[in-house]
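Structure, as structure tokens:
All residue numbers in this chain count up from 1 along the given sequence. These values consider heavy atoms only, across backbone and side chains, with no hydrogens, waters or symmetry-generated copies.
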Amino acid sequence: MGELTGKVAFITGAARGQGRAHAVKLASEGADIIALDLCDQIDSVPYPLATPDDLAATVKLVEETGARIVAYQADVRDRDAVKAALREGTEKLGDRLDIVVANAGIAPMAAAGAWQDVIDVNLTGVYNTVDVAMKPMVKFGNGGSIVLISSVAGLVGLGAPVGGSVGYAAAKHGMVGIMRVYANFLAQYSIRVNSVHPAGVNTPMIDNDFTRSWLEGMAQESEGGPDMGNALPVQALEPEDIANAVFWLVSDAARYVTGVTLPVDAGYVNKR
């Protein structure tokens, strides 16, 4: 019996990277999983996004923990699609919803024409996820926890004056506003809302030729460019490091923690 036995968690961007780590961690603690991912390419994103095979791999890993999982290919920009997936998922897993992890995101950074896509996915997609999920959470009456996966770029002025990079920082900052509004509103229903702010994480979002090249270029800029280093002697965190923090936030150990921006950043923000 795990800490989360009997609970149901809804995770977006679950096909790989942080989303997969969240799904496996929460499942290993007993939660059943509703996994959602686009599993398709977005034109402005210059690196490969997750595939149906990636989502199938997440399903297999969750099932190996002994938890149940239902998985859907859907776009967080499409509110109706998110709502339909969540409705069907909760019906299949026992008409309850205790945990939401709004993780889906893209990082097109210097890509041309990326501003709108990154705002639509990383900000509007998070709003759609939370706003759709809060209604069944309130209806089921079990309280619960919502975690928004932001970034250190949601706490500091990290980035460059190009559309995708500015849009990424703007969206990640905007997530804090979403979090704080819902944390205040949902407290009356014993639903906690927090955001997590990782530094660089070793996932396909940064471990690709395009993003590596962009980060290297930014690090080599003259004075005024961003400091890409962490305070602790680690270049990149692992997805499991973020998943462990999310597990703590959704567990009873954090039952009175709400409205918090939690850096999991190896001291990046403090160093800056």
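Judged as a salt bridge (charged side-chain N to carboxylate O under 4.0 Å, His left out), the pairs with a partner in residues 31-54 (not counting sequence neighbours) are, in order, Asp32-Arg68. The salt bridge (charged side-chain N to carboxylate O under 4.0 Å, His left out) pairs that include a residue from residues 119-139 are Arg79-Asp131, Asp131-Lys135, where partners are two or more places apart or lie in different chains.
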Derivation of the side chain to side chain contact (heavy atoms under 4.5 Å, CB included) call for Leu93 and Ile33: CA-CA 8 Å; Leu93 295 178; Ile33 306 297; 6.0 Å; no
Verdict with supporting geometry, Glu29 and Lys25, salt bridge (charged side-chain N to carboxylate O under 4.0 Å, His left out): CA-CA 6 Å; Glu29 295 292 340; Lys25 176 62 179 179; 3.5 Å; yes
Side chain to side chain contact (heavy atoms under 4.5 Å, CB included) evaluation trace for Glu3 with Asp252: CA-CA 8 Å; Glu3 173 79 17; Asp252 287 344; 3.6 Å; yes
Verdict with reasoning, Phe247 to Leu4, per side chain to side chain contact (heavy atoms under 4.5 Å, CB included): CA-CA 9 Å; Phe247 166 60; Leu4 304 179; 4.0 Å; yes
Val8 vs Ile34, side chain to side chain contact (heavy atoms under 4.5 Å, CB included): CA-CA, chis, key distance, verdict: CA-CA 7 Å; Val8 172; Ile34 303 169; 3.8 Å; yes
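Hydrophobic cluster membership differs between Val257 and Val181, with clusters built from Ile, Leu, Val, Met, Phe, Trp and Tyr side chains linked at under 4.5 angstrom. Linking Ile, Leu, Val, Met, Phe, Trp and Tyr whenever their side-chain heavy atoms come within less than 4.5 Å puts Val260 and Val101 in one cluster. A continuous path of hydrophobic side-chain contacts links Leu97 to Val138 [ILVMFWY only; heavy atoms under 4.5 Å]. When the side chains of ILVMFWY residues are joined at heavy-atom separations under 4.5 Å, either directly or via intervening members, Leu26 and Tyr72 end up in two distinct hydrophobic clusters. Cluster annotation: Val176 is connected to Ile178 through the hydrophobic network of ILVMFWY side chains, with a link wherever side-chain heavy atoms come within less than 4.5 Å.
A donor-acceptor contact shorter than 3.5 Å links the side chain of Asn128 to the backbone of Val76. Judged purely by atom type and a 3.5 angstrom limit, Asp78 uses its side chain to pair as donor or acceptor with the backbone of Ala81. Checking side-chain atoms of Ser165 against main-chain N and O of Val162 turns up no donor-acceptor pair under 3.5 Å. A donor-acceptor pair under 3.5 Å links the side-chain atoms of Gln41 to the main chain of Leu49, judged by distance alone. Remark: side-chain polar atoms of Thr51 are not paired, donor with acceptor, to backbone N or O of Cys39 under 3.5 angstrom. Within the 3.5 Å criterion, the main-chain N or O of Pro204 finds a donor-acceptor partner in the side chain of Asn208. Side chain of Thr124 to backbone of Val121: no donor-acceptor contact under 3.5 angstrom is found. With hydrogens and angles ignored, the 3.5 Å screen pairs a side-chain donor or acceptor of Arg192 with a backbone N or O of Leu249. Listed for the Thr261 side chain is no donor-acceptor partner under 3.5 Å among the backbone atoms of Ser195. For Thr258 (side chain) and Val193 (main-chain N/O), a donor-acceptor pair under 3.5 Å exists by modelled atom type.
Under 4.0 Å is where a charged nitrogen must lie from a carboxylate oxygen, and between Lys92 and Glu88 at least one such pair does.
Here the closest non-hydrogen pair linking Ala21 and Ala243 is O-CB, 3.6 Å. Pairing each heavy atom of Ala171 with each of Val118, the nearest pair is CB-O, 4.1 Å. Listed here is the closest heavy atom pair of Ala236 and Asn202: CB-N, 4.2 Å. Minimum interatomic distance between Ile191 and Met137 (heavy atoms only, all atoms of both residues): CD1-CB, 3.7 Å. Across all non-hydrogen atoms, the minimal contact from Ala266 to Val234 is CB-CG1, 3.6 Å. Across every non-hydrogen atom of Ala245 and Leu262, the tightest pair is CB-CD2, 4.3 Å.
Between Arg272 and Asp265, the closest side-chain pair of non-hydrogen atoms is not below 4.5 Å. Asp98 places none of its side-chain heavy atoms less than 4.5 Å from the side chain of Phe10. The side-chain heavy atoms of Arg20 and Pro239, taken from C-beta on, include no pair separated by under 4.5 Å.
Under the 3.5 Å distance criterion, with hydrogens and angles disregarded, a donor-acceptor pair is assigned to the side chains of Ser44 and Asp117.
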Indicate every side-chain donor-acceptor pair of residues 144-159 with a distance under 3.5 Å to a residue at least two apart or in another chain.
{"from": "Ser150", "atom 1": "OG", "to": "Lys172", "atom 2": "O", "distance (Å)": "3.0"}
{"from": "Ser150", "atom 1": "OG", "to": "His197", "atom 2": "ND1", "distance (Å)": "3.3"}
{"from": "Ser151", "atom 1": "OG", "to": "Ala153", "atom 2": "N", "distance (Å)": "2.9"}

